[in-house]
Amino acid sequence: MHTTLVTDTVTVFSRELRPVLRDPFSMIFTMVQPLFFLGLFAPLLPGTVGGGSALQWFVPGIVVMSCLFGTSAVGSNLQYEMHTGSHERMLVSPLRRPALIIGRALKEIVPMFAQTALIVVVTIPFGFRPHLGGALIGLLILGVFCVGLGALSYTLALASKNREWLFWSVQQAVIFPLLLLAGMLLPVDGAPGWLQALSKVNPLTYVVNAERALFNGEILTGAVGWGLLAAAIVAALGLLVGTRAMNRA
Amino acid sequence: MIHTQALTRHFTAGKQTVEAVRGLDLRVETGEMVALLGPNGAGKSTTLRMLTTLLTPTSGTAKVAGFDVRTRRREVRGRIGYIGQGNGAGHSQRGRDELISQGRAYGMGKPAARARAAELIASLDLEAVADRVVSSLSGGQRRRLDVAMGLIHAPELLFLDEPSTGLDPQNRANLQEHIRRLRAEHGTTIVLTTHYLDEADQLAERVIVIDQGRVIADDTPERLKADYAGDRITLSFDREDDAVHAVARSTGIAGAQVERSGTRVTIESRGGARLVPKLLQSLDESGLTVAAVEVARPTLDDVFLTLTGRSLREEGVSASS
């Protein structure tokens, strides 16, 4: 059989996905944190945020947050495989280097879908009403963002080599400012100017705004366009630096 | 199968440059079974990692299985098998899944990969554990799985980096048996690194001794031992006087090194075993009564000692380098 970049990517993707499919409960652990936020933070919200129901505003943010937490951590799996020797095993095979990063990054879409589905199912009894078509487009944008974020996380793992502390320090140092500046938990509308300025250069802000619009059925809006663009930029950047790092590995 | 010219690799750590491999010229022909022997830090693994495309040489060239390791990496990768020091199988994966993924990585179709995986699982005695998560396997089982993964595409050239490190004697013997069978049944060219003397001695037909990034000897184990180390004859006497006289009588033996400590005299000489009957007779004629005789064949450690003045067994000395 002749291999191509596509078949190589499928090989890597299937390999990454298999343990998840064999043991779906492994995904539950990465979902615990967003569910805590839902359960312990949502009750603190006022009845309405930005003119709508608080839940309609809050849940899409939690969906993005769950993606952010889960996907930004995946580099640690690679770091573990670098440590045990199975990454070396992949490197010595004729698999194309870009496939090693693209296949891994694409796989991150699958747990993200599962997590989103869980969050939506859990919140519907409490009054969350997602717009189906919008939510599907929202997942698409989130999928693109996920691929980029996953690739960046793997890049960080490759750069950190065997220094696990370095990976986690950088991951935490990046994730939390991004999260807070994106207006995920609280609206940044009333924030001081400097914070609003920072929020405007945060790609995550646009993704969160797009998800909010889409889950509420506002599909053909500027927010959605900006969200898609921001996600696409993150994906392109992630795959670019990821491929470069993998080529050097 | 392998041809290197002035292959060199430097590592830079801070301001210090370490020359891990210095100008290695190496030729390995198809079907050979070669061991790279040397202490930790000698440059064996670095050499292997360059030959397997895992590490880019600083300078020099290397052709492996017909292709340049620098410019035609994918061609090299598709033709060689590699069993590294770590575990090739992902710990969260199942052994059989990993074997199939590997097969796919080497361009096998799904049915072919599945069939080949089953074949290797049977021949490496992994049936009972192949469908379990890798992290639940014992060290020996994981090592066998590593071997299976390295062989998935039936490579014509197989590299093994310290294959038996961390294995108990039983598993070591099994692994060596498997390597021998591979060679006998498929004519696979095999290059392994080891710091186990007996492994190099028993397994390899050619031993390349590496120290401080250079080849210092290259021959069959028998020839190396014959050329660089002699048999060691140890004579024990009841009285020190006799030992002193024995030394005087033994110094006449051509090419022999004679040493005495207390009542023991050691004579190191090539083909020394054949000298023993005559030596004993001559000592007897001089009225010196030998209490005990011991003849030790040389080991590759003696070879290494002769070549470098250091013992391979003193791992502590070299481990830091």
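Throughout, a chain's letter reflects where its sequence line sits, starting with A, and its residues are numbered from 1.
Other residues, nucleotides and ligands contribute more than 12 heavy atoms inside 6.0 Å of the CD atom of B:E127. Residue-environment remark: NE2 (B:H3) exceeds the threshold of 12 foreign heavy atoms within 6.0 Å. The neighbour count for A:F126 CZ, taken as heavy atoms of other residues, nucleotides or ligands under 6.0 Å away, does not exceed 12.
Within the 4.5 Å cutoff, no side-chain heavy atoms of A:T84 are placed close to those of B:R142. A heavy-atom distance below 4.5 Å is not found between the side chains of B:Q85 and A:E88.
Atoms CG and CD, from B:N87 and A:E81 in turn, are 11.0 Å apart once rounded to the nearest 0.5 Å. Considering CZ of B:R104 and CG of A:L95, their distance stands at 11.0 Å, rounded to 0.5 Å. In this structure, the separation between CZ on A:R89 and CD1 on B:I152 is 9.5 Å, given to the nearest 0.5 Å. Here CE of B:M108 is found 13.0 Å from OG1 of A:T3. Values are rounded to the nearest 0.5 Å.
Shown here are the ring-ring contact (aromatic ring centres under 6.0 Å, His included) partners of A:F58, two or more places apart in sequence or in another chain: A:F41.
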For a quick test of your reading: what N or O donor-acceptor pairs under 3.5 Å do the side chains of residues 237-249 of chain A make, sequence neighbours left out?
unit_1	atom_1	unit_2	atom_2	d
A:T243	OG1	A:L239	O	2.7
A:N247	ND2	A:T243	O	3.3

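Note: A:P94 leads A:P19, A:G85, A:P94, A:A99 in heavy-atom pairs under 4.5 Å with chain B.
In plain terms, the two heavy atoms of A:L91 and B:R77 that are nearest each other are O-NE, 3.4 Å. The nearest pair of heavy atoms linking B:S101 to A:R15 is OG-CB, 3.6 Å.
Heavy-atom proximity under 4.5 angstrom to chain A picks out B:G88, B:A89, B:G90, B:H91, B:S92, B:Q93, B:R94, B:D97, B:E98 from residues 88-98 of chain B.
Applying the ring-ring contact (aromatic ring centres under 6.0 Å, His included) test to residues at least two apart or on different chains, the pairs with a partner in residues 133-167 of chain B are B:Y106-B:H153.
Proximity to chain A (any heavy atom under 4.5 Å) is shown, for B:R79, by neither the backbone nor the side chain. Proximity to chain B (any heavy atom under 4.5 Å) is shown, for A:S93, by both the backbone and the side chain.
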